[in-house]
Amino acid sequence: MVKEELFINDTRVELLDSIQANFTYSIADIAEPDKRKADFSKTVKLPGSKTINTLFNHIFEINIDSTFDVNKKADARYLIDSEEIFDGYIQVKD
């Protein structure tokens, strides 16, 4: 069985489903990595747990009316069987 782990600001968070690391890169990104604009990854849904709610309230300044600062970002690392697959940032969309 594959062990998936997601860390946001060095805090391990629970996953609802497998992320199934399907990252898409264009040929230009591979041919000229110094000119790469950004990686693309799919949306990941996380369960509403005490750990995640506390972490996200702190990072994204989520208000009581569910508004939040979309310009804030947090460090994210995704590991499969203790091997780092992705090291970047997480963005809250909803």
Task: side-chain contact (heavy atoms from CB on, under 4.5 Å) against Lys73, all qualifying residues, sequence neighbours excluded - done: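 With neighbours one apart ignored, the set is Tyr89.
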Open item on the list: For Ala76, give me all partners under side-chain contact (heavy atoms from CB on, under 4.5 Å), at least two apart in sequence or on another chain.
Closed with: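 side-chain contact (heavy atoms from CB on, under 4.5 Å) check on Ala76 returns Ile90.
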What's the separation between atom [atom1] in [X] and atom [atom2] in [Y], rounded to the nearest 0.5 Å?
| X | Y | atom1 | atom2 | result |
| --- | --- | --- | --- | --- |
| Ile85 | Ile80 | CD1 | CD1 | 4.5 Å |
| Leu16 | Leu46 | CG | CG | 7.0 Å |
| Asn9 | Ile59 | CG | CD1 | 4.0 Å |
| Ile19 | Lys45 | CD1 | NZ | 14.0 Å |

Task: Joint cluster assignment, Phe7 & Phe56, ILVMFWY side-chain distance < 4.5 Å - done: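 As far as the 4.5 Å side-chain criterion goes, Phe56 and Phe7 are not connected within one cluster.
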Task: Same cluster (ILVMFWY, side-chain, under 4.5 Å), Leu15 and Leu79 - done: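 Shared cluster, no.
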Open item on the list: Taking salt bridge (charged side-chain N to carboxylate O under 4.0 Å, His left out) as the cut-off, I'd like each qualifying pair that reaches into residues 9-19, sequence neighbours left out, listed once.
Closed with: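 Sorted pair list: Glu5-Arg12.
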Open item on the list: Checking the side chain of Asp81 only, and the main-chain atoms of Lys3 only, is there a donor and an acceptor separated by less than 3.5 Å?
Closed with: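 The answer is yes, because a donor-acceptor pair under 3.5 Å joins these two groups.
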